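Sequence positions, counted from 1, serve as the residue numbers for this chain. Side-chain atoms are counted along with the backbone in the values below, which use heavy atoms only and exclude waters and symmetry mates. None of the values given here were measured: they were computed from a predicted structure. Remember, it's 1-based here, ligands and their atoms both numbered in the order they're listed.
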Amino acid sequence: MTLFEKIIAREIPADIVYEDDQALVFKDIAPQAPTHLLVIPKKPIPRVGEAGAEDQALLGHLLLVAGKVAEDLGIRSTDKGFRLVINHGANGGEAVPHLHIHLLAGRKLEWPPG
Ligand code: AMP
């Protein structure tokens with residue numbers, strides 16, 4: 001069981017800000033911006049490149065959840081804004097093998113990322 005599956009199962013505590021039947025959103029334990037959330041599927045897909053055609057609706061749902069949470073936090077307006085990041089594998093910076101979308105906001109983010 002991955003760390004994030006344990007958070008879904010409430011075996012490990014997390015600061016959960018949104019939940020539905022397919023997705024969970026919680027605060028990153030080591031925030032890289034004033035707002036740093038992780039949007040994850042409850043289905044244990046290891047990483048985005050391993051999602052299958054059967055996951056198409058779920059992947060879309062995760063993006064819609066990110067947008068909804070951004071709206072709830074008051075950061076969806078384009079004068080504020082946010083960034084979504086998915087890390088895949090070693091060069092991508094992936095540390096936890098359970099698909100997650102980072103939602104970063106609250107400061108001006110650099111481009112390109114380091
Ligand atoms: P990644 O490097 O894309 O795999 O991102 C994994 C993220 O999970 C990192 O930003 C970590 O800070 C975060 N993280 C690790 N353990 C926890 C935890 N127990 N609760 C919340 N976030 C965590």
Side-chain angles (χ1 to χ4, degrees):
M1 203 185 225
T2 66
L3 177 64
F4 290 173
E5 285 178 275
K6 290 180 182 167
I7 287 175
I8 293 166
R10 300 330 200 246
E11 290 177 16
I12 290 177
D15 198 340
I16 294 168
V17 301
Y18 174 87
E19 181 171 24
D20 63 29
D21 59 331
Q22 300 175 79
L24 192 72
V25 183
F26 53 94
K27 293 184 180 175
D28 195 293
I29 203 167
Q32 301 302 309
T35 298
H36 187 173
L37 304 176
L38 299 173
V39 181
I40 71 168
K42 290 187 172 176
K43 179 179 176 180
I45 300 167
R47 53 194 63 80
V48 68
E50 288 165 34
E54 70 279 11
D55 299 314
Q56 182 168 328
L58 174 58
L59 296 178
H61 180 70
L62 296 175
L63 292 178
L64 291 176
V65 165
K68 177 190 164 22
V69 170
E71 168 72 5
D72 292 346
L73 293 173
I75 55 172
R76 202 179 70 172
S77 63
T78 51
D79 60 324
K80 295 207 170 90
F82 58 93
R83 180 175 293 171
L84 302 179
V85 175
I86 302 175
N87 297 324
H88 177 118
N91 280 352
E94 174 200 316
V96 179
H98 183 122
L99 174 61
H100 47 283
I101 304 172
H102 296 261
L103 191 164
L104 298 149
R107 67 173 171 85
K108 180 85 174 116
L109 297 165
E110 300 299 323
W111 192 263

Requested in this report: Run the numbers for me: atoms of ligand 1, each under 4.0 Å from some heavy atom of Ala95, listed by number.
Outcome: 1 (P), 2 (O), 4 (O)
Query - ligand 1 atoms in contact with Asn87 (distance to a heavy atom under 4.0 Å) - result: 1 (P), 2 (O), 3 (O)
Query raised in the report: Please state which protein non-hydrogen atom is closest to atom 5 (O) of ligand 1 and give its distance, to 0.1 Å?
Result: His100 NE2, 3.0 Å
Report summary line: When distances are taken from atom 8 (O) of ligand 1, the protein heavy atom at minimum range is Phe4 CZ, 3.5 Å
Requested in this report: Measure up the His100 and Phe4 rings against each other and bin them: parallel (under 30°), tilted (30 to 60°), perpendicular (over 60°).
Outcome: perpendicular
Query - Contact (N/O only, under 3.5 Å) between Leu38 and ligand 1 - result: no
Report task. Output yes when the distance from some N or O of ligand 1 to some N or O of Asp28 is under 3.5 Å, and no in every other case. Result -> yes
Query raised in the report: Among protein heavy atoms, which sits nearest to atom 17 (C) of ligand 1, and what does the distance come to when rounded to 0.1 Å?
Result: Ile29 CG2, 3.6 Å
Query raised in the report: Do other residues, nucleotides or ligands put more than 12 heavy atoms under 6.0 Å from the CD atom of Glu54?
Result: yes
Query raised in the report: So, are Arg76 and Glu71 salt-bridged, with charged N and O less than 4.0 Å apart?
Result: yes
Requested in this report: Have a look at Gly93, Pro97, Gly89, Gly92 and point out the one with the heavy atom closest to atom 2 (O) of ligand 1.
Outcome: Gly93
Query raised in the report: What about His36: any of its N or O atoms under 3.5 Å from an N or O on ligand 1?
Result: no
Requested in this report: Give the contacting part of Leu3 toward ligand 1: side chain, backbone, both or neither, where contact means a heavy-atom distance below 4.0 Å.
Outcome: side chain
Query raised in the report: In Å, rounded to the nearest 0.5 Å, how long is the span from CD1 of Ile7 to CE of Met1?
Result: 11.5 Å
Query raised in the report: How does Lys27 reach ligand 1, if at all, at less than 4.0 Å between non-hydrogen atoms: by side chain, backbone, both, or neither?
Result: backbone
